[in-house]
Amino acid sequence: MGWKQRAKRAPLVVAVLALLIIGGWVVWQLGQGGEQEAPIPSPGEERPLEQVTTRVFSADLAWSSPLAWKDAEDQATAESASLPADVAVVGGRVFVLDTSNGRILELAPDGSVARILDSRVDERMALKGAMAMTAYTGKLYVANSGAGTVVVVDPSGRVDQVITPQVEAAERAVRPVGIAITASGQFFLSDPDNNRVLKLDGNGQQIASIGTGKRDSGEYGLNAPGGLTLDSQGNLYVVDMLNYAVKKYSPDGQFLLSMGEAGDTEGTFSRPKAVAVDGQGNIYVSDGLLVAVEVFNPDGTYAGFIGRQDPADKESPPLFQAPHGLKIVGDKLYVIDRFAGLFQFQVGSAGSSS
Amino acid sequence: MARRIVWVASLAAALALALSMSVAYGGISDIFGSDHDLGSPGNPTCNQCHIPHNAQGDYLWARDESSTYPELTGLMRLCFSCHDGFVTSIGAWIPVYANHPVEPGTEGEDCDRCHDPHEGDAWKFTRTIPGVQWRNANLCNGCHADDIGPVYHSYDVLATSPNLPEDRTWDPYAYPERDFSGTRLFNEAGTQVVHSGDAYIKCATCHVPHGGSGGGMNSMADYAEVDGEYHEPICENCHQ
């Protein structure tokens, strides 16, 4: 229903891919300090893209004892994240949502952990399975999924506000896993347990919603909506995870476009998660089962993918393990991997997407 | 369209095969109405795990088994793609906590040692081990009874622990500390939760398949020092 025909894309891919990752890969190198710019091949130039170390910080699984036999202070001090789900940038400072440890990490420019924002800084930082965050007016807005709230955190770690969505009752409790905020401060939250996307005012009062109240498809039907983002015109992009599509809606909620279909080859979706849009309107979608970030043109046609260790060789091993949260700030694309940590790419265009 | 026909045909063949070996697998129709009935118009339920178009993996799975992370190889790749806190919050913590040993990618020895997503009627999609009664420990003793091995208690652990409590707590979602001290409950057949009497997986008082703070799968540590005193949490869980 409403599914786009599969595009004939094979020849396009290589060309666009090369263009996409124009600047090569800008990477922070652990222990090297400071940013390292990869040599930038000019577009079209026939040479494999430079590969530098891409892991910014370790997301090796940290063990924290679940039981009281351990000193509480002893917990979650490891300088690594556990199943991180998202990243956000506030005034050039990079923050990682350390989901399984219930905290946020601020990264130093060399990719090491500079500061830990957790309940020891402010006890209202009670994050529970938080899956997404976004920067707005210099603060971090965290979709505190397990608690059904939005926690507003100052970059210092002080909690500004905890917003409890006041929304139409549904079958299950609200579990926000995606968040996007408009220029005027209205929120979008995705609520996969109720197959809807909610639009709220700054106080958390419901203004509108997308979804038919059940697992559904079509223009306004959703099946487990996940990642959300807005483009510079205020259009909303929704990853409709179990419908294998990304849907675009106008600022007033009109359906505009759907891209993708189920599959496990490039250009299709296996388990799409999060979405980001660059200044040119290109759409980036992380896919946990394809283990790649797929890119679509503004009109929704498939453009190429990022996700192999050698971008020129699609058969080379995957770069990612479980790519998830995405952000584009300026010409940088940040990709959070639930296992492998944070990756940073140069995308050839200026622009911003929260 | 051609591909769709191939898919339907191969699925039908596989279906017939599976049905003919229906002892080993939960009925395919058991998916419908279960937690894994996740389809929507145009997106059949089965597609959520078996992707028809150009699928490369076994069972037409959309997955890439290769991973340098053992937590993400084999079936876990598929399960985690939804059980990751995003599609569902259920079990999102599993990769972080010590698991029962599995052989990723080997049929019957992966997560499917204990779970079959097709067993829609079984509690937690656990595999049904039919036919025997190992004192509510069918799931575990299907592999761990002393005549089966590979590892087992050298004595009848359940006979020597007749009154294991069934009212322990269990909350993998507790914040800030998850609580794995509990016992999960099973009925005699090992298919349903029952909250009283003699009916639960007794093994799970001491061994939790996911989580636990003790070594291996132990729900709690074998020993611990608290304020200079020696304790045995796993024993004190019952013998206080």
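Chain letters run A, B, ... following the sequence lines, proteins first and then strands; every chain starts at 1.
Panel note: side chain B:S81, backbone A:L289; no donor-acceptor pair is recorded below 3.5 Å.
A:S100 OG to B:I94 CD1: the interatomic distance, rounded to the nearest 0.5 Å, is 11.5 Å.
Contact record, B:V87 with A:R175: O-NH2, 3.0 Å, taken as the closest heavy-atom pair. Taking each heavy atom of A:A322 and B:F80 in turn, the nearest pair found is CB-CE2, 4.2 Å. Listed here is the closest heavy atom pair of A:Y244 and B:Q48: OH-OE1, 2.6 Å. The two residues A:L242 and B:L38 have their closest heavy-atom pair at CD1-CB, 3.9 Å. Smallest separation of non-hydrogen atoms from A:P192 and B:F86: CG-O, 3.6 Å.
With sequence neighbours excluded, the residues that form a side chain to side chain contact (heavy atoms under 4.5 Å, CB included) with A:A85 are A:T99, A:M131, A:H324, A:R338. For the ring-ring contact (aromatic ring centres under 6.0 Å, His included) test, no residue two or more places apart in sequence or in another chain qualifies with B:H83.
Residue contact with chain B, scored on non-hydrogen atoms closer than 4.5 Å, involves the backbone and the side chain of A:K273 alike. Heavy atoms of A:D193 lying under 4.5 Å from chain B belong exclusively to its side chain.
B:D35 CG: 12 or fewer foreign heavy atoms inside a 6.0 Å radius.
Side chains of A:N243 and B:S40: a donor on one and an acceptor on the other come within 3.5 Å.
The pair A:R271-B:D84 does not meet the salt-bridge criterion, since no charged nitrogen lies less than 4.0 angstrom from a carboxylate oxygen.
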